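Owing to the predicted nature of the structure, the values given are computational and were not obtained by experimental measurement. Numbers here simply count residues along the sequence, with the first being 1.
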Amino acid sequence: MVRNDIRNIAIIAHVDHGKTTLVDEMLRQGGVYRDNQTVTERVMDSNDLERERGITILAKNTAVHYNGVKINIIDTPGHADFGGEVERILKMVNGVLLLVDAAEGPMPQTRFVLQRALELNHKVIVVVNKIDKPDARIDEVMDEILELLIDLDANDEQLESPTIFCSGRAGTASIVPHESGTDLRPLFDTIVNYIPAPEGNENEGLQLLVSSIDYNDYVGRIGIGRVENGIIKVGQDVSVCNYHSGESPRKTRIVSLYEFDGLKKNPVEQSLPGDIVCFSGAENITIGDTICSPDDPRPLPFVKISEPTLEMTFSVNDSPFAGKEGKFVTTRQIRKRLYDELLKDVSLRVEDGETVDSFKVCGRGEMHLSILIETMRREGYELAVSAPRVIYKEIDGVKCEPMEKVYIDVDSEFAGSVMEKLGARKGELVDMSVHGSRTKLVYSIPARCLFGYRSKFMTDTRGEGIMNTMFDGYQPFKGDITARYTGSLVASEAGITTSYGLYNTQDRGAMFIGVQTPVYEGMIVGENPKMGDIAVNPCKTKQLTAIRSKGADEKLILTPPRIMGLEEAIEFIAEDELIEVTPKNIRLRKQILNTANRLKAQAKLKK
């Protein structure tokens, strides 16, 4: 059976190429909104963190209707750290819209997501977006897309993929280059005519591969996936099995069934092959499971997700301020939250740490793990996290480390500074090209050598540089490197900071805290511009005397502190330091808080 009334597509692209904005206009012109309805921009970015950062973190489903055809659309993340979201949802669709910025052209993540789509033999519609930008270079970008398809061994049909030229913000599309069009009809027509309709046999046993997980406090875990064969009904007895685990099927029942329509989930009694549905009732269901008929359990294979390359240790907060600000502070609560996250995030790995109150959390990159930490923090969790470490592998008896391909676009006057810094971090220049006043650099560099570099990169390029990274496989270990050339200013006693104490401390380096801030012994209060730590006392008070001296009442001028966000803190800390994360504060601290004990431990390491 071919479902000509349905098309299932995913929108894939590099970060900031306009996926979510285009979906806004597709929903508007697909009749989801009333004419006078006020609609939030980037409506699919429903998560607070997504709206704050302007990026998509989780893949989300929606659907529009066009000329009697229901088009199921999946909006996907564009950041490389969330590539696992893209990999798993591609099993739900029959084709993809590959969005490319008309000025930037294909970028690192464009290559990654397109490669995954081509491996699954999906039909591709190329969408050159933002053609109304002043610096748009449509003809060159089309050539770059063709080169990318050839480079990824696309077949003849994929090389002949149709191209649409559109402006997602204006809501226009055209099949002719350099023409803006009037609406998105050319895009909708191309989707209906080019993307294949889903196929399936409703008379066979039920097969539904779970590609995503949602959660609701009232019904529990909700599975999302596409019906491959058979019919799924409310109240139906089904079996849950997994192709890769080899475990015996377990029986359960479908309690509720929904289909996506616009921004809503409509309850339905049954769904046919080709429908993308969400259902509840199946306990302990996870991504990669297959819902089958009990009489004929035939699990479907799930796409292999790329392995994580970075790990951090999450542990219970044991600082003197522990338990004062968080709602969830115990090992049991943190353990449950981390293992629950595994059910939704297929790129994450969690295992128990070396101590009973610590956990080893592995992810795709610093942003991947920082988003998890920030989410937990906003939910009321309090914890301590270590500096990130790369995951080494032994391949053919050789110690190997993860490598990154770094794509840099900077003003030519800053290129020398960038090359000097990356060369010192064992970066190898792969390609260099000059386009007008801009220089494009491509480097191959160990992932660990990039820790702490992003903030320095933005400083060196005065905020005008663009840097993107992409995992580039494992290579033999490149040798030790000094990643951090600065030290920390560490509080030597507990108390509340004073103007006098900070005034005498700020000459030592940049401060991270202001006046009237509670501190404890071992807490990092600033950065020492030279290597090595310095014990300071920002809580020092001025001794009162009966004799007034010249200059006794001089005004103390304090330098504004450098407030560290979570990602800046992750970049800054060294191996012997931790980040104390609470719902109200982010503090930096030493693992050993006592100054005397810390100095003894450092002396032992030197021996």
Could you pull out all residues at least two apart from [X] that satisfy side-chain contact (heavy atoms from CB on, under 4.5 Å)?
| X | result |
| --- | --- |
| Glu521 | Asn594, Thr595 |
| Thr459 | none |
| Val434 | Ser412, Thr439 |
| Arg137 | Glu140, Val141, Glu144, Lys440 |

Between atom [atom1] of [X] and atom [atom2] of [Y], what is the distance when rounded to the nearest 0.5 Å?
| X | Y | atom1 | atom2 | value |
| --- | --- | --- | --- | --- |
| Leu369 | Met312 | CG | CE | 6.0 Å |
| His17 | Glu104 | NE2 | CD | 4.0 Å |
| Thr469 | Arg454 | OG1 | CZ | 5.0 Å |
| Ile573 | Ser488 | CD1 | OG | 10.0 Å |
| Met523 | Thr517 | CE | OG1 | 7.0 Å |
| Ser161 | Ile125 | OG | CD1 | 8.5 Å |

Are any of the side-chain heavy atoms of [X] and [Y] separated by less than 4.5 Å?
| X | Y | answer |
| --- | --- | --- |
| Thr461 | Met467 | no |
| Pro77 | Val86 | yes |
| Arg116 | Ile12 | no |
| Thr331 | Val356 | no |
| Val93 | Ile9 | no |
| Leu450 | Phe457 | no |
| Thr486 | Asn528 | no |

So which atom in [X] and which in [Y] form the shortest heavy-atom distance, rounded to 0.1 Å?
| X | Y | result |
| --- | --- | --- |
| Gly363 | His368 | CA-ND1, 3.5 Å |
| Ala13 | Val113 | N-CG2, 4.1 Å |
| Asn468 | Ile466 | ND2-CG2, 3.7 Å |
| Gln591 | Leu578 | CG-CG, 3.6 Å |
| Ala102 | Val128 | CB-CG1, 3.8 Å |
| Val525 | Pro538 | CG1-CG, 4.3 Å |

Is [X] reaching over with its side chain to a backbone N or O of [Y], donor-acceptor style, under 3.5 angstrom?
| X | Y | result |
| --- | --- | --- |
| Glu401 | Lys478 | yes |
| Glu420 | Gly416 | no |
| Gln506 | Thr559 | yes |
| Thr497 | Gly514 | yes |
| Arg562 | Met511 | no |

Sidechain N-carboxylate O distance under 4.0 Å for [X], [Y]:
| X | Y | result |
| --- | --- | --- |
| Arg337 | Glu379 | yes |
| Glu571 | Lys456 | no |
| Glu307 | Lys393 | no |
| Lys60 | Asp75 | no |
| Arg589 | Asp318 | yes |
| Lys590 | Glu577 | yes |
| Asp411 | Arg462 | no |
| Asp101 | Lys133 | yes |

Just do the side chain to side chain contact (heavy atoms under 4.5 Å, CB included) check on Asn585 and Phe321 with the steps written out, would you?
CA-CA 11 Å; Asn585 289 290; Phe321 295 167; over 6 Å; no

Go through the steps to decide whether Tyr520 and Glu580 satisfy the test side chain to side chain donor-acceptor pair (under 3.5 Å), and finish with yes or no.
CA-CA 12 Å; Tyr520 52 81; Glu580 179 186 350; 2.6 Å; yes

Flag for Arg389-Thr313: side-chain donor and acceptor within less than 3.5 Å:
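Yes, a side-chain donor-acceptor pair sits under 3.5 Å.
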
Step-by-step salt bridge (Lys or Arg N to Asp or Glu O under 4.0 Å) determination, Arg425 to Glu404:
CA-CA 12 Å; Arg425 289 171 175 261; Glu404 296 277 341; over 6 Å; no

Stepwise salt bridge (Lys or Arg N to Asp or Glu O under 4.0 Å) test for Glu325 and Arg587:
CA-CA 12 Å; Glu325 298 171 359; Arg587 302 184 185 95; 2.9 Å; yes

Before you tell me yes or no, could you show the steps for Lys19 and Asn129 under side chain to side chain contact (heavy atoms under 4.5 Å, CB included), namely the whole-Å CA-CA distance, both residues' side-chain angles and the distance that decides it to 0.1 Å?
CA-CA 9 Å; Lys19 297 178 297 300; Asn129 193 26; over 6 Å; no

Name the orientation class of the two ring planes belonging to Tyr474 and Phe471 (parallel below 30°, tilted from 30 to 60°, perpendicular beyond 60°).
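Tyr474 vs Phe471 ring planes: perpendicular.
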
Passes side chain to side chain contact (heavy atoms under 4.5 Å, CB included), Leu338 versus Leu372? Steps please.
CA-CA 9 Å; Leu338 289 174; Leu372 171 60; 4.1 Å; yes

Tell me the ring pair (Phe, Tyr, Trp, His ring centres under 6.0 Å) pairs involving residues 393-436, sequence neighbours left out?
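Counting only pairs at least two positions apart or across chains, no ring pair (Phe, Tyr, Trp, His ring centres under 6.0 Å) contact touches residues 393-436.
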
Which residue pairs pass the ring pair (Phe, Tyr, Trp, His ring centres under 6.0 Å) test when at least one of the two sits in residues 378-397, sequence neighbours left out?
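Checked against ring pair (Phe, Tyr, Trp, His ring centres under 6.0 Å) - neighbours excluded - the pairs reaching residues 378-397 are Phe328-Tyr381, Tyr392-Phe477.
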
Take a 6.0 Å sphere around CZ of Arg349 and say whether it holds more than 12 heavy atoms from other residues, nucleotides or ligands.
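For Arg349, atom CZ is crowded (more than 12 foreign heavy atoms under 6.0 Å).
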
Around atom CG of Asp480, are there more than 12 heavy atoms from other residues, nucleotides or ligands closer than 6.0 Å?
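Atom CG in Asp480 is not packed in, count stays at 12 or less.
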
Between Arg598 and Asp533, does a salt bridge (Lys or Arg N to Asp or Glu O under 4.0 Å) hold up when you go through it step by step?
CA-CA 11 Å; Arg598 187 169 64 251; Asp533 299 334; 5.0 Å; no

Working for side chain to side chain contact (heavy atoms under 4.5 Å, CB included), residues Leu90 and Val96:
CA-CA 8 Å; Leu90 286 177; Val96 296; 3.8 Å; yes

Among Leu566, Ile373, Ile563, which one satisfies side-chain contact (heavy atoms from CB on, under 4.5 Å) with Ile586?
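The passing option is Leu566.
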
